[in-house]
Each structure stands twice: as C-alpha cells, then as structure tokens.
Number of protein chains: 2
Amino acid sequence: MIKKFRSSCPIASTLDILGDKWSLLLIRDMLIKGKKTYKEFSLSDEKIATGILASRLKQLEAFGFITKRKLPDNKKENIYLLTEKGIDLAPLIVEVTLWGEKHMRVHNPRINSYDELKADKTLAINMVTENYRKVAAQIIG
Amino acid sequence: MIKKFRSSCPIASTLDILGDKWSLLLIRDMLIKGKKTYKEFSLSDEKIATGILASRLKQLEAFGFITKRKLPDNKKENIYLLTEKGIDLAPLIVEVTLWGEKHMRVHNPRINSYDELKADKTLAINMVTENYRKVAAQIIG
DNA sequence: TCATTTTACTTCTGTTTTGAAAGTAATATT
DNA sequence: AATATTACTTTCAAAACAGAAGTAAAATGA
C-alpha cells in the first residue's frame, strides 16, 4: 500500500487517505453502530459496493486505522476493530455530525436531530469512545 | 447542481458534498490562508488541476459555502468569500488538523507541528473565524 | 453426510471522475 | 498597440467507481 502525499499539510495528508465518500462511513459504522464484519458493513444504509468495501478495509488496515482478526470459535468471519488511531477520530466524527445536522438539512430534509450531541460534545465523545472500547474488549474476550 | 443523498445520516450527507480530496482544502485556503481568487487557489501547494478547481468552486457556491463577487474597481478578478456555513467548518478543520498532526506524521514525516492549536482549541477556532470575518469585511469594503 | 446457505471476498464491465495540458476570451498592464 | 494576466473551458488518457456476477471456504440444515 504505497501512498504519495500531496503536501506537508496535516489536513491534506488526512484527506489523502480519508478523503473519499466511504472511509469515514466505515469508521462511523464501527464506532457508532458497532459493526465489525464484512457482512455488516456491506448492509450499510448507503449501499457500499462490495469491491469498494474490500479496497477500503484493506487501506484502513494498511494505515493502522483498523485491525483484522478471527475469533477462536469462528473460522469464517473476520472481525474488524478500530485501533486507537481510529478511535481518535471520534471528535472529528462528532464535529462532522454537528455541522451536517446544522447545515445539511436544508439540502437533505431527511437528516435527523442529535440534541444529545449538541448538549455536551465532550461527554458525547467520551461516551462513544468508552463504549467502543468496552464492546471491543468484550468481543475479543 | 442536482445532488442525491445516500442516506439520512448527517455524516454521509456532508461527505456527499465535501467527501473528496479538494473541497476542504479550498475552505482551508480561504479560512486559514486568506485566499480569495481563482489564481490564488490554483497556486496551492497541492497543485489542484484547473478543471477540478472550477468544478469545486461551482459546487461550493451552489451549496452556499462560498459566494462569488466582483469588486467595483476590478472587472477581471472574482472574489470568493466564505459564508457563515463555510466559516462554521472551522471546528471541523481544527479537528482534522489536530488528528492529522497526531497520527499522520508517521506516514508523512513532512507534517509540521501545531502546538498553538493543541494548547487551546476553542481559542484557536475563535481567532481564525474572527480574523476571517474581519479580513473579509475589509475586502468588500 | 451431503446439499444448501453464508461469509468474504475477487473479477468483470461499463460509467464517471480525475489529472494534465492546451486553448480561449475578457481585462489589465506596459 | 502589444503583451500579460485572470478565469475559466475543452480535450483526452488514466484512474476510480458502481453494479453484477462469480468463487472458495466454512457453517448450517435435512
């Protein structure tokens, strides 16, 4: 997985990897919705194509956002879990959610409210990350 | 500028518009670097292609992130300025910067430090947005 | 046990997007 | 009046994407 970076800017470098329409949604699915298998990802609301899903998982793993493992009692399913690097995207995901809720509903009226998030951003981030860590630890036993 | 949204998720809807490698960099150039003309954008460190630049500016304008105007004494240059919707991306941009600085340097060693940002996030956001508003107001007279 | 289903992909094909270069038209400068 | 600058558009090859179909191993059901 070779990757050339366009500049020395941290924003540009982040977009060099996460700057597409799917990568951050996979992180969202893991962090917020607790998804962990290929099948679960493939059933997303946004209908990701299976080829794109495979390539994104590969890239996210190559760059250390996620890990891939098998559980002892299941030789078929792969379990994808966020690393600290991936979990650290929680504040970013919260900001995107808040911005999107505030400014995108005018374009997409279907967007829901997230009042809990607005009320206490820091608390929301902590709850999401703590919850994820707990659930992940439970999965790997 | 028609656009179909993939789902009711605010993250997905935001990515439907900003989920590419260039849009957020243009916002960055305006908000942080004070760029405002086509020429200035085209001279970015990341070497955006002129066709992509034109299409992104068009989309950002169509979705109300930026406005396009001419100054009374210059019939040639167009001045692009962020709207409130665009300025509101400051917290998101700060989060991306901080995340990128923390986690991307391992992949791209050229990335610089942003200690001021880390020290006080809220202050940094306020300074950037207040500065932008002031500079923009001065430009339009 | 053996057929069926499930999971996790890969492959194929047509379409869309991107990137690099060149071209154009109006305005501004020398 | 000639040249340069600005803001694009156009062109075209290459890369990325989307949807459908196919494959192989593992798990399940009869």
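A note on names: the letters A, B, ... follow the listed sequences, proteins ahead of strands, and every chain is numbered from 1.
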Original post:
Just how far, in rounded Å, is P of dA16(D) from CD1 of Ile48(A)?
Top reply: 16 Å
**OP:** Please list residues of residues 56-72 of chain B whose heavy atoms come under 4.0 Å from any atom in DNA chain D, ordered by number; otherwise none.
**Re:** Lys58(B), Lys68(B)
**OP:** State whether Asp88(B) and Lys102(A) are salt-bridged, where the test is any N-O pair (Lys NZ or Arg NE/NH1/NH2 against Asp/Glu carboxylate O) under 4.0 Å.
**Re:** yes
Subject >> Ser44(B) side chain near Lys33(B) side chain, heavy-atom distance below 4.5 Å >> reply: no
**OP:** Round to the nearest Å and state the distance from Asp16(A) atom CG to dA16(D) atom P.
**Re:** 13 Å
Original post:
Which of the following nucleotides, dT9(D), dA27(D), dC17(D), is nearest to the side chain of Ala54(B)?
Top reply: dT9(D)
Original post:
Between which nucleotides of DNA chain C, 5' to 3', does chain A make heavy-atom contacts below 4.0 Å?
Top reply: dT6(C) to dT10(C)
Original post:
Taking only residues two or more places apart in sequence, or in another chain, which ones meet Tyr38(B) in a side chain to side chain donor-acceptor pair (under 3.5 Å)?
Top reply: Thr50(B)
Original post:
Taking atom CD of Glu116(A) as the centre, does the number of heavy atoms from other residues, nucleotides or ligands within less than 6.0 Å exceed 12?
Top reply: yes
Subject >> Pair Glu101(A) + Lys118(A): basic N to acidic O under 4.0 Å >> reply: yes
**OP:** List in numerical order all residues of residues 31-44 of chain A for which some heavy atom is under 4.0 Å away from an atom belonging to DNA chain D.
**Re:** none
Original post:
How many Å lie between NZ on Lys76(A) and C1' on dA25(D), as a whole number?
Top reply: 8 Å
Subject >> Length of the line joining Leu25(A):CG and dA18(D):C1', which is rounded to integer Å >> reply: 16 Å
**OP:** Report the residue (Gly51(A) or Lys21(B)) whose heavy-atom-nearest nucleotide on DNA chain C is the more 5′ of the two.
**Re:** Gly51(A)
Subject >> Heavy-atom closest contact (Ile111(B) atom, Gly100(B) atom, distance) >> reply: CD1-O, 4.1 Å
Original post:
Can you list every pair that meets salt bridge (Lys or Arg N to Asp or Glu O under 4.0 Å) and has a residue in residues 56-71 of chain B, with sequence neighbours left out?
Top reply: Asp20(B)-Arg56(B)
**OP:** Please state how far atom CG in Leu26(B) lies from atom P in dA7(D), giving the value in whole angstrom units.
**Re:** 14 Å
Original post:
Which whole-number value in Å describes the distance from Glu46(A) CD to dG19(D) C1'?
Top reply: 17 Å
Original post:
Apart from Tyr114(A) itself, what residues make up its hydrophobic cluster when side-chain heavy atoms of I, L, V, M, F, W and Y under 4.5 Å apart count as a link, directly or indirectly?
Top reply: Val94(A), Leu98(A), Leu117(A), Ile125(A)
Original post:
Mind checking whether Phe63(A) and Phe5(A) have parallel, tilted or perpendicular rings, split at 30° and 60°?
Top reply: perpendicular
**OP:** Could you pick out which residue, Asn74(A) or Trp22(A), lies toward the 5' side of DNA chain D when each is mapped onto its nearest nucleotide?
**Re:** Trp22(A)
**OP:** Over all heavy atoms of both residues, which pair between Ser7(B) and Asn108(A) is shortest? Give the atoms and the distance, please.
**Re:** O-ND2, 2.9 Å
Original post:
Salt bridge or not for Glu46(B) and Lys21(B), using N-O below 4.0 Å?
Top reply: no
